Each structure stands twice: as structure tokens, then as C-alpha cells.
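The structure appears right after this line, and notes come after that.
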Amino acid sequence: MTSPVMSTARLRRATTSLITLAGGVSLAAIPAATLAISSRVFSSNEQGVISVAIMASTFVGQLAFAAVVESRLSSAATERRVTFPLWLAAASVIAAGAVAVNFASPWVIAIALPVLLASLEVGRGVSVAERLDGRETWAAVVVGVGALTGVVVAFVGAEWGFVPLVAGITGATVIRSLPVAHKPSRPSPRVTGWVVTDVAITGVIYPALNAVILVALGPVAAVLFAAISTVSGLLAIPLNFMRLRLLKSHSLLDIWVSAGTLLAGTAIIFVMEFTGLLGFIFGNSWSTAATIVPLAIACLWRAASLATTLPFAALRRAGAVRLLTILRGALAIATLGVGLAVLPLQNISVIFAAMLAGELAQAIVYELARRRRESRLSDAESSLAHPR
């Protein structure tokens, strides 16, 4: 029977995890706010450039996260400790300053976005992995307030909506740069190489697809693709949280908290869609095309990552970085090929369906690889225990 003390501790831990998880909305809010502000201050062609820049910047953020955070968490022979690099914090502050001075230039924003999103991705990843929950809560609030203020400023007709947006990012960067008691572990160079290669191959799919959509289908389709990806990206918040926690150690509690939040997030997205809030936020690019079907498929694509994350994290904790890179690379290339093949249909829903199929294929392949690896380890241990 569980004691009251243990029940209270589990409840406190679940509550803390839920608060930190909810703070991930601030990370997803930046691409959404950027698109929303752009829809009010830039032309259609300039919005197309910003949409591609957002997808590319997300990719750069994933690469930075892989090099700084994930490579250390995947280095099984070390203590697997991570910190927020001061050089990345300084670069983020400089990029934010450039946007604050040149907020009317879409090209300055497009160049600064990769640095800003990399800073946000790495900073949040460090806080979640090291359970710096109090600090992360304040950082998330600052980012959220900055993004909301920027959107409101743009919606009332002012052109400087990006200024409060980057001010919020700067404030969060300062908070996440506060000293910590531990030092970062030195990752295995072999592990870093495989992890970064893995993310480079798999992460390039979406910005590549969006760039091709911009050229082949025009800026409205590109902005719509980026907007739907961004909105469905809200569901990636609990999934990324769970992935980070599981890279440290298996936690059934964090899995259940993440799964519950995934369901709640899906409900919130469709409430926003049916009430017209998403069309109001993203402007004409959202309302000029039917979005229910592609949005539903995009949400299924994100939700399918739940099945992918569990075997993926187990393999990463076991140090199977080379195997994962090979599997993920092959599946990513296949997914990109299918996405490009269906592009002539000029249907965003079909493109998201191709991405969903790729995610389901990953889940199956990773689970088979995990079971095969565990079976081999079990056979090896049995041979050692009962030698012939």
C-alpha cells in the first residue's frame, strides 16, 4: 500500500512536471507569433520567405539541441549533465538586438531566427533535462508575455510587433544563463557525430518540403503549410518533454502526464479552429483554404510520435546511436521522397499524410529494433550464466 508521504511526493512531482511541460507552449509560441505578426506587417511574398525561414530555423534549433544537449544525454559512459552555453546566449542577445533595430526588414528577421530558436530550444532542453523547473517556469512566462505583446501590437496596426517578441526571448535567455552548481559532461565524439548526423538527416525534411512548396505552389501554400505545422507543433511540446525525460531515465509518470497533455492539446487546437481563432491569428493565408482536414492529419502525425518516442528513447539510453542514425536516415529519405512525389497533387493534406505514414513506419521499425536488441542481450546474458 502506498504511504501518504509517497503519494504526496508523486503528486508534487507530477504537478511540477505538468507545469514545466506547459511552459513548452512558450517555445511553440515564437514561430506562431512570428507568422501572426508577419501576416500584419509584410506582403504575401515576404510572408512566404518568413515561413521558410521559420521551418529552417526550427531545423537549426534541432541541430543545436542535438550537439549541445542530446549528445550529452546519449553518452552513456558519462554523468550526462548539461548546461546552457554562454556563447549561444550571447549570440541570441545580439540577434535580438538586430531585430529590434531592423524590425521592418524580413531578411534581418529571417537571418536572426535560426539563432533565436536555437537559443530557445537549447535553453529549454537544458532546464527540462536538469529539472530546473522554477527557473524554466519564469523563462516560459517571459517568452509568452513577449510573444503575446508582439502579436497584440501588430494586430492594432503598429509595425514594431517584433520588438517585444525578441525582448521576451532576451529575458528568457538571461534567466536560463544563471549559474548552476554542476558542469556539463564531455560527450563522446563518436556519439556526438552520430546524433548530429541523425538530426541533420531527419530534420531537413520539413524545411526542404516547405521550400519546394513555396516554389511549386506559391507563398500562400507555403505559409499555410508552415502555419499548420506550427499549430500542430503544440502537440510536440509534451512529446519533446517526454523524450527529454526518457533520455535521462524511464519514467511511467512522465509518460502518462505527456499522453494526457497530448489529448488536451488536441482538443484545444480544434476549439481554436472551430471558433475561428486560428484564422484570426494567421490571417488570409489560413482562411483562404479549407484547413480542417490537413490540420487533423497534421495532429495525427504529431500524435504518432508518442509511439515512436518510447522505443527511440530506450535505444538512445542503451547507446545504440549508430543503429538509430541508420534507421532514421533511411526512413527520413523515404518520407521526403514520398512527400515530393505527391506534391504535384497540390494538396497539403496528402503531404501531411505522407509525413504521418513516415512517422508510423518509424514507430514500427524502432520497436522491432528495440526488441531484437533486448533479445540479443538476453541471449548473451543467458550464455554467460549457463556456459556450455
Side-chain angles (χ1 to χ4, degrees), residues 24 27-28 30-31 34 50-75 80 82-96 109-129 169 172-173 176 184-212 226 229-230 233 236-237 239-241 243-244 247 302 305 308-309 312-313 315-316 321-322 324-333 335-336 355 358-359 362:
L27 181 58
I30 296 303
T34 301
I50 293 295
S51 73
V52 173
I54 288 173
M55 301 291 281
S57 299
T58 301
F59 173 55
V60 172
Q62 292 170 346
L63 282 178
F65 174 83
V68 177
V69 180
E70 195 164 346
S71 62
R72 288 173 168 83
L73 297 181
S74 301
S75 297
R80 300 190 298 176
V82 289
T83 60
F84 187 31
L86 292 180
W87 62 266
L88 181 55
S92 178
V93 172
I94 293 172
I109 294 167
I111 293 171
L113 273 174
V115 179
L116 297 174
L117 288 187
S119 171
L120 289 171
E121 188 86 39
V122 172
R124 173 164 172 78
V126 168
S127 296
V128 172
I169 296 174
T173 299
R176 289 165 173 163
S185 301
R186 185 181 296 274
S188 164
R190 180 186 67 84
V191 170
T192 300
W194 282 113
V195 169
V196 173
T197 300
D198 178 336
V199 174
I201 295 173
T202 57
V204 77
I205 293 176
Y206 311 118
L209 268 177
N210 204 36
V212 175
S229 297
T230 299
I237 295 168
L239 295 169
N240 290 338
F241 170 86
R243 182 166 174 257
L244 270 171
L247 284 174
R302 298 288 189 181
S305 296
T308 306
T309 301
F312 169 86
L315 288 169
R316 270 283 168 83
V321 289
R322 179 181 178 182
L324 274 175
T325 300
I326 294 172
L327 293 178
R328 277 164 63 85
L331 290 166
I333 293 171
T335 302
L336 178 60
M355 293 157 63
E359 194 68 36
Q362 286 187 65

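These numbers were taken from a predicted model, which means no experiment stands behind them.
Distance check, rounded to the nearest 0.5 Å: CG of Leu63 to OG1 of Thr58 gives 11.0 Å. Considering CG of Leu315 and CZ of Arg328, their distance stands at 11.0 Å, rounded to 0.5 Å. The CZ atom of Arg302 sits 7.0 Å away from atom CE of Met355, with the distance rounded to the nearest 0.5 Å. Considering CG of Leu117 and OG1 of Thr34, their distance stands at 7.0 Å, rounded to 0.5 Å. Here the straight-line distance linking atom OG of Ser71 with atom CG of Leu73 works out to 8.0 Å at 0.5 Å rounding. In this structure, CG on Leu116 lies 10.0 Å from CG on Leu88, to the nearest 0.5 angstrom.
Arg176 has its side chain within reach of Leu120: a pair of non-hydrogen atoms, C-beta onward, lies under 4.5 Å apart. Within the 4.5 Å cutoff, the side chain of Phe84 has no heavy atoms near those of the Ser127 side chain.
Of the residues Val69, Val195, Thr192, the one that meets the side-chain contact (heavy atoms from CB on, under 4.5 Å) test with Pro187 is Thr192.
In terms of the side-chain hydrogen bond (donor to acceptor under 3.5 Å, both in side chains) criterion, Arg72 has no residue partners (sequence neighbours excluded). Judged as a side-chain contact (heavy atoms from CB on, under 4.5 Å), and not counting sequence neighbours, the contacts of Thr308 are Glu359, Gln362, Ala363, Tyr366.
Pro85 and Val68 get closest at one heavy-atom pair: CG-CG1, 3.6 Å. In this structure, Leu113 and Ser57 approach most closely via the heavy-atom pair CB-OG, 3.2 Å. Across every non-hydrogen atom of Gly358 and Thr335, the tightest pair is CA-OG1, 3.4 Å. In this structure, Ile201 and Gly329 approach most closely via the heavy-atom pair CG2-CA, 3.5 Å. Among all heavy-atom pairs drawn from Phe59 and Val199, the shortest one is CE1-O, 3.7 Å.
The backbone N or O of Val115 lies less than 3.5 Å from no partner atom in the side chain of Ser119, so there is not a single donor-acceptor pair.
Residue pairs meeting the salt bridge (charged side-chain N to carboxylate O under 4.0 Å, His left out) criterion with at least one partner in residues 186-195, sequence neighbours excluded, do not occur; the list is empty.
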